[in-house]
Amino acid sequence: MIQIENASRWFGQVIGVNDVTHTIEPGVTALLGMNGAGKSTLLRLITGQIRPTTGSIKVFGNEPFANPEVYKRMGYCPEIDQFYEHRTGRQFVNYLARLAGMSAAEAKTRTDEVLHEVGMADRADKKLAGYSKGMRQRIKLAQAILHDPDIILLDEPLNGLDPVGRREFMSYLHTLAERGKTILVSSHILFEVEQMTKSIMLLHRGRLLAAGDVSLIREYIDKYPHRVRIETPQPREVAAKLIQLPYVLKVEFDEWRGGIELQTRELNQFFAFLPTLTTEENFTITGFSSPDNNLESIFHYLIE
Amino acid sequence: MSIAPFVFTSTLQDMLRPKRFAIWVIVAIAMVVLGQVFLRFTPTSTATMAYSTLSELIVFRILALAAAIFATGVVSQEVEQKTIVYLLTRPVPRPVLILARTLAASVTVSIVGILAALGTALGTRSTIGELFFRDCSALILGSFAYCALFVLVSLLINKSMVINLIFAFGYEAAVPKMPGDIYKVSINSYLMSIASHPKIAPVTSDAAPVATPAAVNTIQPGAAWLAMIGLVVLCSMFNAQWFDRNEYVPREDGD
């Protein structure tokens, strides 16, 4: 479907995508990376808005740059939040349906269908200027899928969606994948990506650091101890209990902010145990967090 | 079915939507008022002379101004507003996209020019006759020429509106009045040849001339038509090729 071979893209002295090689097959693939990693640049290369400086990108065996044959089978939801603000959501989607080559009657029918699918049927006649971020995301998704494309590229589609919207979106994504579509979704949030798919491409500073199953990343992460912060008014008692656990390596008091911070190699086992502190030992736990369970830490681990 | 008619009509509808076009209707109404004021303050002037003077000095400037504004909307404005991405990821050949949108801009600018000329004719009580229709043909051809040229500039230069406005008001106003043959590198000179306005008698003055007198426009109307059509065709071909081969991506802070 999408073949990327040694593709690099320079913007003057700055490199956006650096020697990326990968083949994207049907199903959901997540493009994971921090802001500035090159996700949007890679999506622009695949959507043929820009050309690679070196290497090649093929979509259905064709170069995508300014290629209408590719666009007939590709839907793209950009990250940008700009629209023709004077139009209504329905007018906007209908306009793009006509540009996709549909007749007026076809465009009207299909517009109604996709607006219903993305949950905007009842709000589509308001001007886009008055839409919330979540509504705008839904309209962008609608215009990406309206011509029933084989490849759907979604650039940070969950930004601005509320939890219900996110759940609906992910469910819809799986429906599309079951229909045999090739879906590439960019995100900078690992937790989101894990809920969407197991197949990932991990970009960092333009380079493809890892590609394949998301569990690969987890394995990398698990090579290193995880830090967990626990908020409690009884830090000494809780620390005394936790240090007895075989998978807890170290416990430190956070004198400045209160609470304790520990390191463990078995995060899942530790989180399974955590509720017993309150239910059986009667300790008060007011909060907990995992400071290194974020992308930045993951990239840090991977680079090391 | 070709997508070109839809691109043209949808762009035209957008350019003619009331909120965007109202200002040009107001300009046409202002020309009616200006025509009446002109007649009042120059009682010796005939209706034809008043119309010719205002048409040359103002209507053809309005044409260039409108062309600078609407031609910028063809590509440059879409890039700045970042909405270009929706157009460029649709199965519409880029040459079709730019030519159909330029055509829509040219038609819109023609309407602006003709409305301004009509306002001037009404204000000066000039007859809607041969002179007016010659003006209309010059205005239509001028709108195509200006739009093709301004779209070209917008494809080559970011923030092209400023350049186009300087060209419309500085270059196009000054060059036709310069001595020698340099007036021949101004679109306005060719449009004036096509419009063939009656010669306006210069104001007599006892003061000694301080500059070389402006050259007389010797461009024949037929040659002017050919030159303008040639300009439109060449610019349009270049625009289609250039737009098809180059990247038009909105700048973003990061990805």
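Note that the structure is predicted; figures quoted are calculated from it, not measured. Each chain gets a letter, A, B and so on, in the order its sequence line appears, and its residues count up from 1.
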Y95(A) versus chain B, heavy atoms under 4.5 Å apart: side chain, backbone, both or neither? both
State the NE2-CZ distance between H86(A) and R20(B), to the nearest 0.5 angstrom. 8.0 Å
If one checks every heavy atom of D14(B) against chain A at 4.5 Å, the contacting part turns out to be side chain
Kindly say whether R245(B) contributes a backbone atom to a donor-acceptor pair with the side chain of R51(A) at under 3.5 angstrom? yes
Counting only non-hydrogen atoms closer than 4.5 Å, does F92(A) touch chain B with its backbone (N, CA, C, O), its side chain (CB onward), both, or neither? side chain
Contact check, side chains of F6(B) and M102(A), non-hydrogen atoms, under 4.5 Å: no
Should we say atom NZ of K133(A) is surrounded by more than 12 heavy atoms from elsewhere, each under 6.0 Å from it? yes
Within this structure, what is the OH-CD1 distance for the pair Y248(B) and I50(A), rounded to the nearest 0.5 Å? 15.0 Å
Please identify, among I84(B), L97(B), N246(B), V7(B), the residue contributing the most non-hydrogen atom pairs under 4.5 Å to chain A. N246(B)
Taking NZ, NE, NH1 and NH2 as the nitrogens, is one of them in K82(B) or E79(A) under 4.0 Å from a carboxylate oxygen of the other? no
Using every non-hydrogen atom in the two residues, find where P68(A) and P91(B) come nearest and quote the distance to one decimal. O-CB, 3.4 Å
Write down the atom of Q49(A), the atom of T89(B), and the distance for their closest heavy-atom approach. CG-CG2, 4.0 Å
Is the terminal nitrogen or CZ of R90(B) (NZ for Lys, CZ for Arg) located under 6.0 angstrom from the six-membered ring centre of Y76(A) and within 45° of that ring's axis? no
What residue in F65(A), F11(A), F83(A) has the most heavy-atom pairs under 4.5 Å with chain B? F65(A)
As an exercise: rank Q81(B), R94(B), R17(B), K19(B) by heavy-atom pairs under 4.5 Å with chain A and give me the winner. R17(B)
Could you state the interatomic distance from CG (L88(B)) to OG1 (T47(A)), rounded to the nearest 0.5 Å? 9.5 Å
Is it true that, when you exclude E63(A) itself, more than 12 heavy atoms of the residues, nucleotides or ligands shown sit nearer than 6.0 Å to its CD? no
Please flag which part of E69(A) lies under 4.5 Å from any non-hydrogen atom of chain B: side chain, backbone, both or neither. neither
Considering non-hydrogen atoms only, spot the tightest contact between V85(B) and P78(A) and give its length. CG1-CG, 4.1 Å
